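Working notes, beginning with the structure itself.
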Amino acid sequence: MFMRLILTFVLAIILLGCSSNPNKLKIMQINGLSADLNNDGSFKGLEFLANSVDGEALNRVNIFYVHGIGWTEDPENDPLAERFLEGIAQAYDLEIQGNVLASQCGVTASEDKPKRTGNSLDITTGPEPIIYQTVIPGVELILDKLVCMDRQTLKVTDNLEYVVYRVFWDEIFWDRLQDPHVGQDDHIGPFRGLAELRRKYNRRLKDEMVNYGFSDAVMYLGPAGQEIRNAVKGAMCAARLDAAGYPLAQQGPEISALKACQNATNASSITANQFAFVSESLGSKITFDVMREALTDGKSTILDDMIAGTEIYMLANQIALLSLSDLSKEPAKFAQNNPEKTRPRVVAFSEINDFLSYEVNPFFQNLWNRQYISGDGPVPAFDYHAREELSKNLGFDFVDIRLEFADPIISVIKNFVDPLQAHSKHVAEPELVLLMLCGANNGDFNQENCLAEADDDDD
């Protein structure tokens, strides 16, 4: 069975793009954990999260964007969040002018794409690097930088603006930790002789799925995962400062994660517009873990303020699968949300044909039904009260959105669609971006009072 799965991925890569009959996005279900009924989930959407502060007429939402597995900074691929920003612009019938993503993070400088400075920041470990011991006694790996974050701005009208903070951790951690382990067998590095012995598509599969893919997840589930979480916390604090009027240029060009959060805490009285979060794949588990740490640490920090009332849009969420790494002999901690503020909401987008994604509500119900009850009593019903208690204990409301949009590999073979598209191409779907912008009410797409509109060509 494992070999069949590998062959399936190989076939997908070989025939990628062969379909001439693309599928139209199907929203199969929008289901909220908090209710007993099916297909009745609700969430605000990015446009309705936008707010004004300090008497400004401009409504703004700050979007914190965390990527998942894979080589996000590959110059041959679309830049991170480019399709997301283009999808937002398309929904408002706007043209993105110029090189919007020509920032310091994730872009290779060239004559036509110069690097801009002033809107990016490196998050570091601080004055002392982190030293990891390896399998060979005495051989150490040093981690000094953690992530690079930049800011992208899309102004829709005089009254509405989206600000996107992109967080890149893949290339830094690859250079410091992953390349010393598996870089001897990729097709790009200086020691690519072994990889070149491999058949073309086997080589490509190993790079895309293992070297730059699964290795990210394996690394995150080990001790380095805490550093990734610390990096994301530091980036969140720096973004909060920037959004409150303390620009990245004044904070950088680099700052430690600890210092960024100390600065943000000291400036907590300065107001900022609402934050929202978008995560891809592994980034969903990273974001969830960071927020769970903030909600269970017994402290009230600037991170709690950023999380309150937010929505976290998880594309190809990995919560169920990667929660296997959270198995522990110690009891899980209860969240301590501010009772005066709205509980954050996870909105999990799952393409039904994605091999790696599991919907969160069925996961919670399945786990609930396995709980150990002493004696002969039945397992308590997973009813409204149980669901509400679960949301309260975890610190989040949850909405599952079951989708189908991946195209057949070959147009005449309908029973097999592109698994890579199903996992990683959510924001390439204009209707999905529109759903993220306008939200949903009781299981139905919300169009009331939403400025964003569907492209007429998609009707």
Side-chain angles (χ1 to χ4, degrees), residues 46 49 61-74 77-85 88 101 103 105-106 120-123 145-152 162-174 212-213 216-217 219-221 224-240 242-243 248 257 260-261 274-295 303 306-307 310-319 321-323 344-349 356-357 360 396 423-427 433 436:
L46 289 167
L49 285 174
V61 61
N62 302 299
I63 303 169
F64 194 83
Y65 203 109
V66 184
H67 67 76
I69 64 173
W71 187 12
T72 303
E73 299 176 66
D74 184 350
N77 292 336
D78 294 333
L80 176 66
E82 180 181 56
R83 290 189 178 184
F84 176 65
L85 284 166
I88 294 176
L101 296 176
S103 62
C105 296
S120 65
L121 180 69
D122 284 332
I123 306 294
K145 290 186 178 181
L146 298 174
V147 302
C148 181
M149 181 180 70
D150 64 25
R151 181 187 66 245
Q152 310 291 333
Y162 294 96
V163 178
V164 179
Y165 294 93
R166 303 187 304 162
V167 180
F168 296 85
W169 52 265
D170 59 329
E171 202 148 275
I172 292 174
F173 279 83
W174 169 263
Y212 312 134
D216 286 334
M219 175 184 63
Y220 178 72
L221 299 181
Q226 186 60 59
E227 304 314 322
I228 294 177
R229 291 189 291 276
N230 290 342
V232 171
K233 290 179 186 177
M236 287 174 62
C237 291
R240 172 62 169 74
D242 181 82
L248 297 179
C261 286
Q274 176 69 56
F275 269 81
F277 297 81
V278 177
S279 62
E280 300 177 350
S281 185
L282 173 61
S284 62
K285 186 63 165 70
I286 296 171
T287 303
F288 185 72
D289 288 347
V290 167
M291 292 185 176
R292 277 282 295 163
E293 286 183 11
L295 292 173
L303 297 182
M306 292 177 68
I307 294 169
T310 193
E311 291 184 344
I312 308 103
Y313 306 94
M314 296 185 175
L315 311 177
N317 88 87
Q318 302 285 277
I319 291 178
L321 180 62
L322 297 182
S323 287
R345 179 180 286 110
V346 169
V347 184
F349 294 82
L356 300 176
S357 189
V360 291
F396 303 87
H423 183 67
S424 61
K425 301 299 182 183
H426 293 67
V427 293
V433 174
M436 294 173 68

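Computed from a predicted structure; not experimentally measured. We count residues from 1, following the sequence as given.
Contacts of F277 classified as ring-ring contact (aromatic ring centres under 6.0 Å, His included), with partners at least two apart in sequence or in another chain: F64.
Residues W169 and V66 are in side-chain contact: their nearest non-hydrogen atoms beyond the backbone lie under 4.5 Å apart. Side-chain atoms of I172 and L146, non-hydrogen and from C-beta on, never get closer than 4.5 Å to each other. You'll find the side chain of Q226 reaches within 4.5 Å of the side chain of E293, heavy atoms only. Looking at heavy atoms from C-beta onward, E280 lies in side-chain contact with L80 at the 4.5 angstrom threshold. Looking at heavy atoms from C-beta onward, M149 lies in side-chain contact with L248 at the 4.5 angstrom threshold.
Between the side chain of R166 and the backbone N or O of C105, at least one donor-acceptor pair lies under 3.5 Å. In this structure, the side chain of S281 does not engage the main chain of A316 through any donor-acceptor pair within 3.5 Å. Counting only distance, with no hydrogens or angles, the side chain of N62 and the backbone of R240 share no donor-acceptor pair below 3.5 Å. With N317 contributing its side chain and S284 its backbone, the two residues share no donor-acceptor pair below 3.5 Å.
Note that the CG atom of L322 and the CG atom of D289 stand 8.5 Å from one another [nearest 0.5 Å]. Expressed to the nearest 0.5 Å, how far CE of M291 lies from CZ of F396 amounts to 6.0 Å. Taking CE of M436 as the reference point, atom CG of L49 lies at 10.5 Å (rounded to 0.5 Å). The distance from atom CD of Q318 to atom OG of S323, rounded to the nearest 0.5 Å, is 10.0 Å. Distance check: I69 CD1 to M219 CE gives 11.5 Å after rounding to the nearest 0.5 Å. Here the OG atom belonging to S120 is positioned 9.5 Å from the CD atom belonging to Q152, to the nearest 0.5 angstrom.
Each of I63, D242, D150 was checked for a side-chain contact (heavy atoms from CB on, under 4.5 Å) with Y165, and the lone residue meeting it is D242.
What you find for F275 and T310 is that their closest heavy atoms are O-OG1, 2.6 Å.
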